[in-house]
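Single-structure report; data block below.
Read the numbers this way: they start at 1 and go in the same order the structure lists the ligands and their atoms. Since we're looking at a predicted model, the values are computed, not measured. Residue numbers run from 1 in the order of the sequence given.
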Amino acid sequence: MAKLRILKDTDPTLRKKSRAVDTITKRTLTLLDDMVETMRKANGVGLAGPQVGVLRKIVVIEVVEGEVLELINPEIIERSGSQTGYEGCLSLPGRTGIVTRPDYVKVKALDRNGEEKIYEGTGLLARCFCHELDHLDGTLYPDVADRMLSDEEYEEYMESDD
Ligand code: ZN
């Protein structure tokens, strides 16, 4: 496994739309492994293809330690409710915003064996699904945030270690 470089800030790749994975190859599986390692080393809970320079519909998520979700060609098929809370991104270090997202999301995706799976998420997992799938459309959370925290608010937020 290898740690990949995470693209940051104004990198134009982060703004591009990802294409579907047509065939799951050995390279796809290596990419998934490397993305999981990269996400963990960066202490993230999710990582999307474009963030490591790969414009393919691939997402990894680990909201609960040890429970890695690998999503190929993910699609939100149901959403309901609403939650408002803090959100950050490995590609936008040093910033946090307040974002309103659905409180329940149902996602359809292929797993690494090419089998279709349905995932349901509430709370943080629902937020994470929305955030990571937005990356595949070139959308970053400040685009959809209610507002971004000021520098002062950000410092307080970081000190609260929440
Ligand atoms: Zn992100």
Side-chain angles (χ1 to χ4, degrees), residues 1-21 28 31-77 79 82-110 119-151 153-155 157-158 160-162:
M1 290 207 274
K3 188 169 165 263
L4 305 168
R5 191 170 68 91
I6 299 176
L7 303 184
K8 304 267 165 75
D9 302 314
T10 54
D11 193 299
T13 301
L14 293 171
R15 290 301 185 177
K16 291 182 181 155
K17 283 190 193 301
S18 292
R19 286 182 298 152
V21 175
T28 317
L31 176 64
L32 282 167
D33 291 340
D34 290 347
M35 283 174 68
V36 169
E37 185 183 353
T38 304
M39 168 179 68
R40 285 178 165 167
K41 289 218 165 115
N43 291 316
V45 293
L47 192 66
Q51 292 182 277
V52 292
V54 178
L55 288 168
R56 290 289 179 173
K57 293 189 175 181
I58 295 180
V59 163
V60 296
I61 288 175
E62 189 179 27
V63 164
V64 178
E65 210 183 313
E67 287 179 26
V68 174
L69 305 181
E70 298 174 326
L71 313 176
I72 299 169
N73 300 340
E75 210 183 309
I76 292 177
I77 53 172
R79 64 186 85 206
S82 168
Q83 58 171 320
T84 300
Y86 294 103
E87 208 163 305
C89 179
L90 293 177
S91 292
L92 303 170
R95 298 169 74 189
T96 297
I98 310 274
V99 191
T100 300
R101 300 281 194 188
D103 195 43
Y104 166 85
V105 172
K106 191 189 264 190
V107 173
K108 181 176 84 173
L110 300 179
Y119 302 94
E120 291 181 294
T122 57
L124 178 61
L125 182 55
R127 177 177 294 284
C128 202
F129 279 138
C130 295
H131 178 112
E132 300 309 330
L133 268 66
D134 271 356
H135 272 299
L136 305 179
D137 287 325
T139 300
L140 299 175
Y141 80 89
D143 303 347
V144 297
D146 302 345
R147 66 182 187 88
M148 297 300 289
L149 296 193
S150 68
D151 290 347
E153 286 173 319
Y154 176 73
E155 271 174 39
Y157 170 73
M158 292 308 284
S160 73
D161 199 33
D162 188 5

Please round to the nearest 0.5 Å and tell me the distance separating atom [atom1] of [X] and atom [atom2] of [Y].
{"X": "Met39", "Y": "Glu132", "atom1": "CE", "atom2": "CD", "answer": "8.5 Å"}
{"X": "Asp103", "Y": "Ser82", "atom1": "CG", "atom2": "OG", "answer": "7.5 Å"}
{"X": "Leu4", "Y": "Thr38", "atom1": "CG", "atom2": "OG1", "answer": "3.5 Å"}

Candidates Leu71, Ile61, Val105 - the one meeting side chain to side chain contact (heavy atoms under 4.5 Å, CB included) with Tyr119: Leu71
Going by atom types only, do Asp11 and Thr13 share a side-chain donor-acceptor pair under 3.5 Å? yes
When you check the gap from the basic side-chain N to the acidic O, do Asp143 and Arg15 get nearer than 4.0 Å? yes
Identify which protein N/O/S atoms are less than 2.8 Å from the Zn ion (ligand 1). Cys89 SG, His131 NE2, His135 NE2
